[in-house]
Amino acid sequence: RADFIQRLRASVAYVGNGVRAEGALQMGIDAARRGFGLAPSAKPQIIFVLVPHKSRDPYESVKRAADTQLGVMTQVLVGSSMGVGRNADRNGLGKKMEGVVLKLNMKLGGDNARLVGGVPLFMSKLPPWSQAKPPKQPRVMLVGADVSHATNPPAEGTQDAVAAAAQARADIMPSVGAVVATTNLNCTRYVARVFTQPPLTEHIDDMCWLFEQLLRAHQGAEDNAGRALPDVVLVFRDGVSEGQFSKVLEVELAGMKEACERVQPGYKPRITFATVQKRHNTRFFPLSDNDQAADYATNRRGKGSGNVRPGLVVDRDVCSPHVFDFFLNSHAGLQGTNRPAKYAVLHDDCGLGADTIALLSHWLCHTFCRCARSVSVAPPAYYAHHAAFRGRAWLRKVGYGGSESGGSEATVTSDSSVPGVWRMDALHPDLTNTMFFV
């Protein structure tokens with residue numbers, strides 16, 4: 001429309017630094033309603049927030065207000081990176097805008113990339129689906145899980161001792177975790193459930209409740225008219241060390257099976273449970289110039305980046321003789337030496353095998369929605385990491401006048417030095433089954 005720009009300008013509200021994020025966003029929503037002549041209850045699909053420079057505080061304030069109070073998608077833009085302001089950096093603006101558009105598309109319900117034929121077609125080549133007449137394409141759910149821990153834990157000691165010491169201290173933030181899962185046939189749309197648990201606790205005790213919620217979200221998805229449950233569940237668990245394998249598998253796999261029984265008695269999908277690790281010291285180097293990945297800047301293999309080519313899988317010699325594990329270098333590094341992801345398959349009902357799960361993991365790394373290149377970790381684990389990190393912005397410490405014994409004035413702060421109890425604000429119902437975390 002010809003008057004679109006004028007109405008948009010009339011809808012912009014200038015807000016000073018003294019206004020809290022929720023107030024600023026609400027003022028912008030009210031101004032947009034007036035400028036476009038919308039109903040008082042109308043809500044925008046997304047709000048663009050421009051900040052002068054990259055900083056954690058304004059970003060978390062905006063996300064906390066939009067995610068928990070207003071229930072509106074937001075896209076935060078850094079002015080200097082977007083070519084706005086006196087110190088604007090206009091180099092590479094096209095690539096930055098490309099990243100913003102990719103995020104917008106997913107937040108508004110679109111798809112950026114998917115495997116040709118989808119993950120179900122890939123799984124249909126395995127028994128028992130390949131033996132059916134005609135061959136059946138199973139319904140697949142991809143699941144990712146991660147737990148983010150406090151950055152100020154007690155200094156030393158065994159893992160259990162450090163966790164016990166952290167849980168006894170009120171200044172230690174609780175661990176924040178997230179479990180994400182796909183809801184559509186192409187395995188591109190994810191929903192997330194974010195939660196808190198005692199500090200430095202890695203295994204997810206509430207996996208039964210969380211996975212039950214994700215299964216019901218999968219049943220209620222728009223493209224699932226028959227309310228079908230998945231035949232296959234592929235789990236990518238991030239952030240687990242080798243010493244925690246047995247505990248995590250024991251607690252979380254049992255919780256998932258119990259959730260299946262709660263959703264539908266007798267429901268037993270095939271579950272494959274794999275961990276993804278990035279914190280290790282293993283690196284791989286090409287034997288010759290022809291084995292190098294192409295230089296990212298020139299896209300020429302002659303110069304080379306010094307890294308191995310994307311798609312390299314190493315499943316012998318440097319792997320454990322006791323665990324089904326492998327290394328996968330799925331990305332082309334932009335700078336420095338690539339760190340391959342280490343996958344360990346702890347449970348496999350599907351019988352995928354080493355070659356199959358490595359190939360599937362590599363293909364999935366090309367479907368990450370935030371960029372147009374392959375990434376280093378399977379997207380389900382990546383999304384869980386982003387959702388857990390977003391949950392940290394929802395944490396508040398609630399006390400009473402700064403006194404442990406109580407007082408007449410309640411205080412809410414994010415300062416860990418103030419006595420009180422950590423609380424997490426709940427996600428707004430309007431964002432429950434959206435990709436708010438991308």
Problem set entry | Under-4.0 Å salt bridge between R189 and E222 | no

Exercise. Side chains of S175 and H149: donor-acceptor distance under 3.5 Å anywhere?
Worked result: yes

Exercise. Can you find a side-chain donor-acceptor pair between K103 and Q75 that sits under 3.5 Å?
Worked result: no

Problem set entry | Residue pairs passing the salt bridge (charged side-chain N to carboxylate O under 4.0 Å, His left out) test where at least one lies in residues 344-364, sequence neighbours excluded | none

For this session: Go through the steps for E258 and R262 under the test salt bridge (Lys or Arg N to Asp or Glu O under 4.0 Å), then give the verdict.
Result: CA-CA 6 Å; E258 183 181 349; R262 287 187 180 184; 3.2 Å; yes

For this session: Would you tell me whether D223 and N184 have side-chain atoms, one donor and one acceptor, within less than 3.5 Å of each other?
Result: no

Problem set entry | 4.5 Å side-chain heavy-atom contact, T367 and T188 | no

For this session: Nearest 0.5 Å please: distance from the CD1 atom of I29 over to the CD1 atom of I47.
Result: 4.0 Å

Exercise. Parallel, tilted or perpendicular for F368 and H386, by the 30°/60° rule?
Worked result: parallel

For this session: Look at R193 together with E212 and state whether they make a salt bridge at an N to O cut-off of under 4.0 Å.
Result: no

Problem set entry | Student check: side-chain heavy atoms of P286 and V308 closer than 4.5 Å | yes

Exercise. Would you call the rings of F326 and Y343 parallel, tilted or perpendicular if under 30° counts as parallel and over 60° as perpendicular?
Worked result: parallel

Exercise. So H385 and Y382, would you call those rings parallel, tilted or perpendicular, with 30° and 60° as cut-offs?
Worked result: perpendicular

